[in-house]
Amino acid sequence: MVKYPRNNQFNQWKRSREHVAGEDDESCLHPSGLICGNSSCSTRKAKLKLLFFILLSLIYGGLILAPQFLSSGSSFSFFYPYETDVKASLCSSVPNGTICCDRTSIRTDVCLMRGDVRTDSTSSSIVLYRENDVTGYLSGFSNGYHEEGKVIEHQKIRPYTRKWETDLMSTVDELDLIVKWDSGILRHQCEIKHDVPAVFFSTGGYTGNLYHEFNDGILPLYITSQHFNKKVVFVILEYHDWWVTKYGDILSQLSDFPAVDFRGDKRVHCFPEAILGLRIHDELSIDASLMEGNKSMGDFHELLDRAYWPRVRDIMLDEERDAESSSKNPIQVVAEETQISYKPKVVIVSRNGSRAITNEHLLVKMAEQMGFVVEVLRPQRTTELAKIYRVLNSSDVMIGVHGAAMTHFLFMKPGSVFIQVIPLGTDWAAETYYGEPAVKFGLSYIGYKILPKESSLYHHYPKNDPVLTDPSSVNEKGWEFTKKIYLDRQTVKLDLRRFRKRLLRAYYYTVAKKKSRSRIGAQ
């Protein structure tokens with residue numbers, strides 16, 4: 001189940017942003033940058049302070065820009081060479097030996113470290129060693145001498161993308177990010193030296209729920225790392241073997257290197273750069289305007305194709321070999337498959353228990369009579385994702401009741417139809433977490449909001465009870481009420497006459513699309 005914040009929490013996010021912007025707009029600074037009262041600042045004093053301010057600015061600007069005029073062989077580079085997604089982060093350029101943390105997002109913190117970066121898993125630390133000769137001019141008017149091994153900067157981060165959920169975040173492992181003056185004696189010696197950057201993230205939190213695995217993990221990982229073109233190492237906190245196995249096909253499309261278990265691997269890993277935390281745009285979506293090369297959800301879908309189709313082909317070959325060894329006539333099998341391919345295919349993502357469709361068998365019968373090829377998909381925790389991908393990627397229509405399994409719409413081809421059944425009390429979440437993202441993904445989305453009579457709650461509450469007549473007022477009482485009433489105790493019995501209209505719309509749409517493809521192919 002997806003634990004989601006209510007609409008008013010999102011409004012709080014918006015208000016918090018507006019409040020910060022308001023404070024910036026109402027700055028009491030004089031246009032020259034000086035704090036000046038109405039009666040205490042003479043014109044002469046203001047001019048003197050302004051000149052002094054300009055002089056300091058020129059000096060400081062010269063110090064900062066000086067590295068750009070150094071020879072190409074200098075060990076310092078003002079621009080961060082790997083972090084090209086400048087539109088998505090304040091830390092788009094990072095000097096050597098420096099930590100830069102972007103904490104402006106309500107969803108996530110992301111820190112960057114560049115230079116001699118070394119892991120110390122025993123103390124949950126990432127240590128960055130700064131060279132004296134490189135940074136003497138950066139620390140003000142330095143005499144060039146610094147105490148070896150001294151901590152000069154310390155940041156903390158929990159690399160998970162639900163920053164606003166403080167209770168949850170307290171369960172996520174925290175990293176200490178430390179900058180020290182370089183010392184060949186005191187620093188941790190490299191045991192594994194990498195010549196590519198690292199991305200650190202956690203698979204804790206709500207990992208174990210499909211929606212959160214994609215929304216909080218896989219998509220942010222793509223957003224954060226795809227511009228490295230697979231030349232990146234993933235370092236995972238709260239590492240789970242099952243998670244790496246489950247998403248190994250996707251990880252192999254994002255990195256050429258095996259993932260590192262931060263806690264389990266006690267060796268000192270050294271990197272030239274490190275990103276700590278993942279960037280996230282919105283629910284199950286990518287904002288192309290924030291991506292290098294305007295990468296979009298379409299590009300992510302192409303990555304899923306590359307990840308899963310090799311395995312899908314292997315599965316298909318196994319099935320062909322099984323068919324050849326059986327008593328079936330291969331010619332008959334091909335003829336049957338050819339006939340079926342011209343019919344639109346609908347996949348019903350089935351649920352057991354809460355939010356199940358209790359008359360699902362009648363829905364199947366109606367869809368078949370309409371002309372669909374029907375497949376009922378019952379995904380389990382242990383079901384291989386490539387098998388689910390194969391089923392949905394070959395479908396024209398997907399039907400399912402609101403819940404984490406609706407995340408599987410990501411496996412459909414853009415242009416397909418997604419029909420989401422919306423139980424009582426789940427309107428906002430259904431649209432926010434699946435409906436709107438599906439449209440951004442390029443699907444034709446149909447939301448079917450059930451009537452009270454289609455809910456099992458209709459038989460357990462008086463007809464004028466707010467649970468039936470005003471679900472939003474019940475949801476306002478808190479998450480525990482939403483979960484207990486609408487998510488855990490509700491099943492759906494579809495009004496098939498009413499639902500038929502939506503399904504017919506999907507049928508005619510897909511048939512027309514197939515005919516159009518056939519005409520184009522015949523030309």
Side-chain angles (χ1 to χ4, degrees), residues 2 203 207-215 217-219 221-222 240-254 284 297 300-326 328 333-334 336-338 340-341 343-353 355-357 360 363-364 367-368 372-401 403-420 434 438 441 443 510:
V2 180
T203 54
T207 299
N209 174 286
L210 186 74
Y211 165 81
H212 289 290
E213 286 168 8
F214 271 93
N215 186 71
I218 295 298
L219 272 164
L221 187 61
Y222 173 81
H240 303 288
D241 287 327
W242 67 263
W243 186 90
V244 174
T245 299
K246 182 176 182 178
Y247 293 105
D249 292 330
I250 295 177
L251 296 180
S252 69
Q253 295 301 314
L254 291 173
L284 291 179
M297 287 298 291
F300 179 72
H301 188 269
E302 290 177 5
L303 178 136
L304 294 180
D305 275 343
R306 296 194 300 272
Y308 289 123
W309 268 107
R311 173 59 182 149
V312 169
R313 291 190 188 98
D314 288 342
I315 295 171
M316 294 170 69
L317 285 173
D318 290 341
E319 291 176 352
E320 287 177 11
R321 284 192 287 266
D322 291 341
E324 289 175 359
S325 63
S326 69
K328 280 191 174 183
V333 171
V334 171
E336 289 174 357
E337 290 179 349
T338 302
I340 289 173
S341 67
K343 289 186 174 184
K345 176 183 176 182
V346 60
V347 173
I348 300 171
V349 181
S350 182
R351 292 183 64 99
N352 293 320
R355 284 166 286 155
I357 299 175
E360 184 180 276
L363 172 62
V364 171
E368 289 175 339
F372 279 107
V373 174
V374 182
E375 182 165 353
V376 179
L377 179 64
R378 294 183 174 89
Q380 306 295 323
R381 285 184 179 272
T382 56
T383 304
E384 186 179 355
L385 286 181
K387 293 180 178 179
I388 299 175
Y389 191 84
R390 177 193 179 188
V391 171
L392 288 172
N393 201 247
S394 63
S395 70
D396 300 290
V397 181
M398 168 180 157
I399 299 172
V401 181
M406 295 302 94
T407 308
H408 288 121
F409 79 72
L410 294 170
F411 292 178
M412 302 182 74
K413 291 179 180 177
S416 303
V417 180
F418 170 35
I419 303 176
Q420 180 178 205
Y434 304 110
F441 186 59
L443 300 181
T510 54

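Computation of the quantities below employed the complete heavy-atom set of this structure, encompassing side-chain atoms and omitting hydrogens, waters and symmetry-equivalent molecules. The structure presented is a predicted model; accordingly, all values stated were derived computationally and were not measured.
- Here Tyr434 and Tyr211 bring their ring centres to under 6.0 angstrom of each other.
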Quiz prompt | Phe409/Phe214 under ring-ring contact (aromatic ring centres under 6.0 Å, His included): CA gap, chis, key distance, verdict | solution = CA-CA 12 Å; Phe409 79 72; Phe214 271 93; 9.6 Å; no
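- Here the closest heavy-atom approach between residue Met398 and residue Leu392 is recorded as SD-CD2, 4.0 Å.
- Looking at every heavy atom in both residues, Leu443 comes nearest to Pro414 through CD2-CA, 4.1 Å.
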Quiz item: When you look at Tyr308 and Asn393, which way does the side chain to side chain donor-acceptor pair (under 3.5 Å) test go after all the steps?
Solution: CA-CA 10 Å; Tyr308 289 123; Asn393 201 247; over 6 Å; no
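- Side-chain atoms of Glu375 and Ser395 form no donor-acceptor pair, as typed in the model, at a separation below 3.5 Å.
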Quiz prompt | CA sep, side-chain torsions, deciding dist, call: Val374, Ile348, side chain to side chain contact (heavy atoms under 4.5 Å, CB included) | solution = CA-CA 8 Å; Val374 182; Ile348 300 171; 4.1 Å; yes
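- A side-chain donor-acceptor contact under 3.5 Å links His408 to the backbone of Ala405.
- Between Arg378 and Glu360 there is a salt bridge, since at least one side-chain N of the basic residue sits less than 4.0 Å from a carboxylate O of the acidic one.
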Exercise. Just do the side chain to side chain contact (heavy atoms under 4.5 Å, CB included) check on Leu254 and Tyr247 with the steps written out, would you?
Key: CA-CA 11 Å; Leu254 291 173; Tyr247 293 105; over 6 Å; no
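- By the 4.0 Å N-to-carboxylate-O rule, Lys246 lies close enough to Glu213 to be salt-bridged with it.
- In this structure, Leu284 CG and Met297 CE are separated by 7.0 Å, a value rounded to the nearest 0.5 Å.
- Across all their heavy atoms, Leu410 and His301 have their closest contact at O-CD2, 3.5 Å.
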Exercise. Check the pair Glu319 / Arg390 against salt bridge (charged side-chain N to carboxylate O under 4.0 Å, His left out), numbers first and verdict last.
Key: CA-CA 13 Å; Glu319 291 176 352; Arg390 177 193 179 188; 2.8 Å; yes
Practice problem: Please step through side chain to side chain contact (heavy atoms under 4.5 Å, CB included) for the pair Val346 and Val373, ending with a clear verdict. | Solution: CA-CA 6 Å; Val346 60; Val373 174; over 6 Å; no
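- Between Lys343 and Glu368 there is no salt bridge, since no side-chain N of the basic residue sits under 4.0 Å from a carboxylate O of the acidic one.
- Summarising the local packing, CZ of Arg381 is surrounded by 12 or fewer heavy atoms from other residues, nucleotides or ligands at distances under 6.0 Å.
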